[in-house]
Asks: 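Take this structure, written in C-alpha cells, and hold onto it; I'll ask about it next.
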Amino acid sequence: MWSIILMGVAGLLIGGGISFHQQKRPRWISIAFYVLAAMALLAAFLFTQPGK
C-alpha cells in the first residue's frame, strides 16, 4: 500500500519539477523536486523488498 502512495507522490513531484522548469523558476527548485521524486521511488522500491 505504501509503495503505491509513494509512487503517486513521486509522480506529483515530477509534475511539479516540470511545471517549475516551464515557469523559468530557479533551476535548483526543479532539481530539488526531481531528487525528492527519486527518493520517493527508491523508498517505494525498498518497501516491495522482502523483509528479514
Asks: Over all heavy atoms of both residues, which pair between S3 and F47 is shortest? Give the atoms and the distance, please.
Replies: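 That would be CB-CB, 4.5 Å.
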Asks: List the residues meeting side chain to side chain contact (heavy atoms under 4.5 Å, CB included) with L12, not counting sequence neighbours, and say none if there are none.
Replies: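 Side chain to side chain contact (heavy atoms under 4.5 Å, CB included) check on L12 returns nothing, list empty.
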Asks: Nearest 0.5 angstrom please: Y34 OH to I14 CD1, how far?
Replies: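 Y34 atom OH to I14 atom CD1 measures 8.0 Å (nearest 0.5 Å).
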Asks: When clusters are formed by joining ILVMFWY residues with side-chain heavy atoms under 4.5 Å apart, either directly or through shared neighbours, do M7 and M1 land in the same one?
Replies: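 M7 and M1: separate clusters.
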Asks: With sequence neighbours excluded, tell me which residues meet side-chain hydrogen bond (donor to acceptor under 3.5 Å, both in side chains) with Q23.
Replies: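 S19, R25.
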Asks: Go through the steps to decide whether L41 and F45 satisfy the test side-chain contact (heavy atoms from CB on, under 4.5 Å), and finish with yes or no.
Replies: CA-CA 6 Å; L41 287 175; F45 173 73; over 6 Å; no
Asks: Quick one: pull up CD1 in I31 and CH2 in W28 and give me the separation to the nearest 0.5 Å.
Replies: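 I31 CD1 to W28 CH2: 10.5 Å, rounded to 0.5 Å.
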Asks: Applying a strict under-4.5 Å side-chain criterion to I, L, V, M, F, W and Y, I'd like to know whether I29 and L36 cluster together.
Replies: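 Cluster IDs for I29 and L36 match.
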Asks: Which heavy atom in S30 sits nearest to a heavy atom in G17, and how many Å separate them?
Replies: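 Shortest heavy-atom contact: OG-O, 3.2 Å.
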